[in-house]
Amino acid sequence: MRFPFALTKKIASHIIRHKLRKTPKFAMVLQLEPLHTCNLTCTGCGRIREYSTSLKDMVPLEQCLQAAIECDAPMVSVCGGEPLIYPKIEELINGLLDQGRVLYICTNGMFMRKKMRDYLAVVYSPKIEPKLKKLLDGKLISEKEAETIRKSDETARKKVVIRPTKWMYWNVHVDGLEFTHDLIVEREGVFKECIAAIKMAKIIGYQVATNTTVYKETDVQEIEDMFKYLSSLEVDGHTISPGYDYDAAKKDMVSRLGKDPKQFFLTRDMTRQKFAKIQEWGKAFTIFGTPVYQEFLAGKRELTCTAWAIPTFNVKGWKAPCYLMTDGHYGGYQEMLSKVQWEKYGVVNGVARDPRCEHCMVHCGYDPSGALGTNYQSGDNWKNIKYNFGAKPKPFPASLELVKRAYNGVTIGKGHLAEAKAIINSPAAGARGAFTRKEEDHQHQEAHVGSHCGTGDTSERDELLEKIKDAKKAEA
Ligand code: SF4
Ligand code: SF4
């Protein structure tokens with residue numbers, strides 16, 4: 001099976017239950033943002049901008065758990081900011097698992113190994129020595145860390161930890177191979193750390209997914225190579241979604257930067273072209289997302305937005321209308337459902353009800369639409385069932401060539417990032433470089449929205465990726 005049976009059953013029963021009750025609108029995935037603080041400052045990240053004035057605020061644990069009970073989504077995506085910074089992350093994860101949710105911890109990967117070492121210290125017995133040996137052989141833990149795990153005392157063993165379970169996935173943000181990813185996250189060694197964390201998680205027995213956003217300048221061939229490499233590491237699945245900007249971001253681009261938005265934004269047509277290619281080779285990988293949504297992305301059908309099915313809860317409340325746009329925050333999920341005029345949003349038969357929705361095809365608006373929206377076509381359910389129950393694609397064979405392609409530039413200590421920064425910030429590379437972004441930009445861009453490690457204002461990233469392309473051409 002492509003996805004674990006228990007998970008598929010839980011989600012299917014949730015839909016069937018609400019269909020039988022004729023519930024008009026209900027939640028499928030809760031995007032839970034317990035905080036917006038992050039250890040990285042990725043180029044173009046919407047969250048650390050939109051919530052720049054509340055970066056130190058956190059949603060109390062009880063309120064997070066209550067939000068999940070309130071909307072009763074079978075799946076919860078714990079995101080942020082960086083959720084592993086949340087002081088009660090272990091309690092939050094365990095509390096949500098106790099509620100019977102399927103969990104995705106959306107992380108930039110930088111603290112994963114620490115969290116997994118905590119887990120190993122709690123469960124240590126001589127029986128796990130073979131795993132420790134594998135981790136040591138792969139240089140995923142140091143001798144000193146192995147000793148700490150072995151010598152864990154009573155206090156360390158009482159720690160609440162994140163344990164491997166079939167109900168949870170680490171969902172690691174990876175936007176490209178080493179060179180591209182480290183440039184986008186603006187720090188050397190992040191790609192390397194993500195890969196180490198993924199390898200460690202697989203040895204211990206966690207489920208691992210990755211999430212990737214496709215931008216205008218994203219090289220689809222690079223993403224295919226990246227999926228091959230991740231598949232060779234036995235990653236369990238991938239989320240892939242188009243980047244998106246809305247109207248205000250375009251206006252900002254014209255007024256502040258004097259640029260033509262068409263140069264940078266992923267329009268519907270561009271999304272369709274890229275995803276038509278991705279759909280061709282995507283069959284070789286376990287892509288999360290219904291086949292109906294994948295057809296929509298590839299331009300083979302229309303869907304209406306069902307943003308109410310993937311609500312976002314954060315320090316300000318229930319964010320409406322969607323993960324991307326903020327027209328308000330509400331005190332309760334039901335209150336948000338009843339007060340928001342949902343018919344004002346989305347694109348119907350190619351016509352945008354709200355100009356800001358014009359080019360949006362993101363998963364948080366459209367992924368559940370095939371099953372919940374008004375575009376049901378006969379055979380859709382069968383298509384989705386067949387996809388879920390279909391054989392899981394085999395891992396791509398590991399090879400040195402693949403590793404070489406993955407580690408294509410910036411590994412910590414080699415100083416390539418400084419070189420790359422110099423290239424893309426040089427006058428020859430064009431105007432203001434992404435790395436020259438100043439802190440005050442964060443304060444003056446309230447209109448910019450986006451997601452943790454995902455969709456959002458793509459202009460800076462697109463600009464950056466374009467420069468990377470130019471730099472690579474110049475190198476060749
Ligand atoms: S179409 Fe996109 S931007 Fe518009 S409401 Fe739906 S998810 Fe949000
Ligand atoms: S994109 Fe994710 S990892 Fe990067 S700064 Fe934003 S929240 Fe942090």
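Counting starts at 1 for both ligands and their atoms, in listed order.
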*Enumerate the atoms of ligand 2 whose separation from the nearest heavy atom of C38 is less than 4.0 angstrom.*
3 (S), 5 (S), 7 (S), 8 (Fe)
*Does the ring centre of Y330 sit less than 6.0 Å away from the ring centre of F313?*
no
*Measure from the ring center of H238 to the ring center of F227 and say whether it is less than 6.0 Å.*
yes
*Measuring from the heavy atoms of V185, does anything fall under 4.0 Å of ligand 2?*
no
_N, O or S atoms of the protein lying under 2.8 Å from atom 8 (Fe) of ligand 1_ = C322 SG
_Tell me whether R163 at atom CZ has more than 12 heavy atoms from other residues, nucleotides or ligands lying less than 6.0 Å away._
no
*Below 2.8 Å, any N, O or S contact between H173 and atom 8 (Fe) of ligand 2?*
no
*Sequence neighbours left out, what pairs pass salt bridge (charged side-chain N to carboxylate O under 4.0 Å, His left out) with at least one residue falling in residues 320-329?*
D327-R356
*Check C42 against ligand 2 and report side chain, backbone, both or neither, counting heavy atoms closer than 4.0 Å.*
both
_Ligand-residue contact atoms, ligand 2 with L40, heavy atoms, under 4.0 Å_ = 5 (S)
*Hey, what's the ring geometry for F26 with H18, parallel, tilted or perpendicular (30° and 60° as the breaks)?*
parallel
*Considering residues, nucleotides and ligands other than K10, do more than 12 of their heavy atoms fall under 6.0 Å from its NZ?*
yes
*Before accepting this row, confirm whether a basic side-chain N of the pair E302/R268 lies closer than 4.0 Å to the acidic partner's carboxylate O.*
yes
*Compute the ring centroids of F191 and Y407, then answer whether they are less than 6.0 Å apart.*
yes
*For ligand 2, which atoms have a heavy atom of N108 less than 4.0 angstrom away?*
3 (S)
_Considering non-hydrogen atoms of the protein only, which is the closest contact for atom 1 (S) of ligand 1, and what is the distance?_
Y366 OH, 3.4 Å
_Ring center gap for Y366 and Y293 short of 6.0 angstrom_ = no
